[in-house]
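The structure appears right after this line, and notes come after that.
The figures that follow rest on heavy atoms only: side chains count, while hydrogens, waters and symmetry mates do not. First listed ligand is number 1; within each ligand, the first listed atom is number 1. Numbering starts at 1 and runs along the sequence shown.
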Amino acid sequence: MTLSLSVATSHRQPWPGLIEAYREYLPVIEKTAIVTLLEGNTPLLPAPSLAKRIGRQVRVFVKYDGLNPTGSFKDRGMTMAISKAKEAGAKAVICASTGNTSAAAAAYARRGGMRTFVLIPDGYVALGKLAQALLYGAEVLAIKGNFDQALEIVREMAQSYPVTLVNSVNPYRLEGQKTGAFEVVDALGNSPDWLCIPVGNAGNVTAYWMGFCQYHQAGKCDRLPRMMGFQAVGASPLVTGVPVKNPETIATAIRIGNPASWEKAIAVKSASQGEFHSVTDAEILDAYRLLASEEGIFCEPASAASVAGMLQISDQIPAGATVVCVLTGNGLKDPETAIKHNQSLFKQGIQPELHTVAEAMGF
Ligand code: F0G
């Protein structure tokens, strides 16, 4: 009987989580107790409808990081930060967050047996993210202030009290997040020409660049992408060059006026010959709807900033170029924005009768 042999050979190795997958590129040691939810290995999806809009044989892909265990790219950084915190014997972690960091910190820290304190701007965190942090068991403090103020407080807290800071100023966060770039190169066989990415606190743009550079040095790709970062108009300090005291945008995830990785992001821009631009809330919402209704990809508003930005400056994309847009978070994080800002037919209060339903459908 050859049956058992063919079954055995067709079995694929399960994904081990990103630390195991990229161990040789990460600062882990033998005794690091890895806290993982098998994050990473997210799809790089072709976006044919976007490519068609741009034309000129441009290839467009989206890196759908909303498919991570807690629904955002933050899981990449958090598996590293929490594993290292555990290795160091931490009992509690703290972060400021516009929502996604708090969800990821809570999930990983609780799994690692630690307390999780999160500071969020009261009233400006999408519903799904707040629900996650609470259910994972974080201790949530909503301040009457914005993200920048929350970050200032948690930085001081971590200096004065026994709590480990897990915002992206923690270097292990960026180490984990750089694996997004590894996966893009592994999928394409090389770096893209452009990497379009939303920018808030500017950790992820920095991390992706670290990843591309490290893979380039290891001989995994023979070129580096231009890093194209996009901020919301009402929260675009890296575009205007001045901090924003009262940042405002519908994309609450990137409602940040004074990014912690400011200098690093500017260095990435110049080293990669990249550009930072701002996109309006209307452009963000257009890209958000377009991705969902034409590509079948539901991301959160902040993530759509990468696509909005690409479309805004698409006439600059060289013919035949390959562009990757990072979709940082899942659309389910923010159901309220989806329900409020779609253009779909939604008739309510219909009588449960065949002909009434048919009539409502336009038949
Ligand atoms: N996209 C999403 C969905 C985010 O949640 C964030 C940041 C960004 C993009 C920007 O990434 O800060 O590395 O430039 N969210 C943080 C948080 C601030 O608290 O969840 P960045």
Side-chain angles (χ1 to χ4, degrees), residues 42 62-68 70-78 81 94-107 118-121 124-126 128-130 132-133 138 140 146-151 154 165-170 173-174 176-178 180 195-211 227 229-232 235-239 247 249-262 264-266 268-269 276 279 284 287-288 298-309 325-334 337:
T42 57
V62 297
K63 179 65 174 160
Y64 193 16
D65 247 0
L67 290 187
N68 273 300
T70 78
S72 87
F73 73 99
K74 305 286 181 182
D75 295 346
R76 295 183 182 278
M78 218 47 88
I94 192 166
C95 66
S97 182
T98 56
N100 282 323
T101 300
S102 67
V118 307
L119 259 71
I120 56 169
Y124 289 91
V125 168
K129 303 174 188 181
L130 181 59
Q132 287 180 290
V140 179
N146 59 35
F147 170 85
D148 304 292
Q149 293 165 305
L151 184 59
V154 296
L165 186 62
V166 293
N167 278 105
S168 58
V169 290
N170 176 327
R173 280 278 312 279
L174 301 190
Q177 284 171 212
K178 75 185 179 189
L195 193 283
C196 298
I197 188 165
V199 177
N201 213 23
N204 212 27
V205 67
T206 306
Y208 260 83
W209 181 245
M210 280 166 54
M227 301 295 287
F230 299 101
Q231 299 201 289
S236 54
L238 295 177
V239 180
T249 169
I250 193 161
T252 51
I254 52 171
R255 187 175 167 271
I256 295 173
N258 191 13
S261 297
W262 186 307
K264 286 186 184 138
I266 296 299
V268 166
K269 185 177 80 158
F276 292 169
V279 287
I284 289 174
Y288 172 67
F298 189 22
C299 68
E300 64 171 286
S303 309
S306 62
V307 170
C325 298
V326 183
L327 298 185
T328 46
N330 197 300
L332 292 170
K333 294 268 191 180
D334 190 355
T337 300

Does F147, backbone or side chain, put an N or O under 3.5 Å from an N or O of ligand 1? no
Roughly how far, to the nearest 0.5 Å, is [atom2] of [Y] from [atom1] of [X]?
| X | Y | atom1 | atom2 | value |
| --- | --- | --- | --- | --- |
| I284 | Y288 | CD1 | OH | 11.5 Å |
| K63 | S303 | NZ | OG | 13.5 Å |
| N204 | M227 | CG | CE | 8.0 Å |

Residues which pass salt bridge (charged side-chain N to carboxylate O under 4.0 Å, His left out) with D65, listed by chain and number, not counting sequence neighbours: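 R76.
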Identity and separation of the nearest protein heavy atom to [atom]:
| atom | answer |
| --- | --- |
| atom 12 (O) of ligand 1 | N201 N, 2.8 Å |
| atom 20 (O) of ligand 1 | T101 N, 2.8 Å |
| atom 8 (C) of ligand 1 | I254 CG2, 3.7 Å |
| atom 13 (O) of ligand 1 | N204 N, 2.8 Å |
| atom 11 (O) of ligand 1 | F73 CZ, 3.5 Å |
| atom 9 (C) of ligand 1 | T328 OG1, 3.5 Å |
| atom 5 (O) of ligand 1 | N100 ND2, 2.8 Å |

For ligand 1, the portion of [X] having any non-hydrogen atom under 4.0 Å away:
| X | answer |
| --- | --- |
| S97 | both |
| E300 | side chain |
| I256 | side chain |

Which atom pairs, one a donor and one an acceptor, fall under 3.5 Å between side chains of residues 95-102 and the rest of the protein, sequence neighbours left out?
unit_1: S97; atom_1: OG; unit_2: G99; atom_2: N; d: 2.7
unit_1: S97; atom_1: OG; unit_2: T101; atom_2: N; d: 3.2
unit_1: S97; atom_1: OG; unit_2: S102; atom_2: N; d: 3.0
unit_1: T98; atom_1: OG1; unit_2: A253; atom_2: O; d: 2.9
unit_1: N100; atom_1: OD1; unit_2: K333; atom_2: NZ; d: 2.8
unit_1: N100; atom_1: ND2; unit_2: E300; atom_2: OE2; d: 2.8
unit_1: T101; atom_1: OG1; unit_2: K74; atom_2: NZ; d: 3.4
unit_1: S102; atom_1: OG; unit_2: G99; atom_2: O; d: 2.7

Heavy-atom nearest option to atom 7 (C) of ligand 1, drawn from R255, K333, K74, Q231: K74
At less than 4.0 angstrom from any non-hydrogen atom of T98, what atoms of ligand 1 do you find?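 The list of qualifying atoms is 15 (N), 16 (C), 17 (C), 18 (C), 19 (O), 20 (O).
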Taking 4.0 angstrom as the limit and counting only heavy atoms of G203, give me the atoms of ligand 1 inside it, by number and element.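 So the answer, numbered in order with elements, is 13 (O), 14 (O), 21 (P).
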A202 near ligand 1 by a heavy-atom separation under 4.0 Å: yes
Among the heavy atoms of V199, does any lie under 4.0 Å from an atom of ligand 1?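 The answer is yes, since V199 has a heavy atom less than 4.0 Å from ligand 1.
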With a 4.5 Å cut-off on side-chain heavy atoms, are F230 and P198 touching?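 Of all side-chain heavy-atom pairs linking F230 with P198, none is under 4.5 Å.
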Geometric cation-pi criterion, R255 with Y124: 6.0 Å, 45°: yes
Determine the minimum heavy-atom distance between D75 and A104, stating which atoms define it.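 In terms of heavy atoms, the two residues are closest at OD1-CB, 3.3 Å.
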Looking at A265 and T206, what are the two nearest heavy atoms and their distance?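 A265 and T206 have their closest heavy atoms at N-OG1, 4.0 Å.
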Applying side-chain hydrogen bond (donor to acceptor under 3.5 Å, both in side chains) to T328 and S72, what does each step give before you reach the verdict? CA-CA 6 Å; T328 46; S72 87; over 6 Å; no
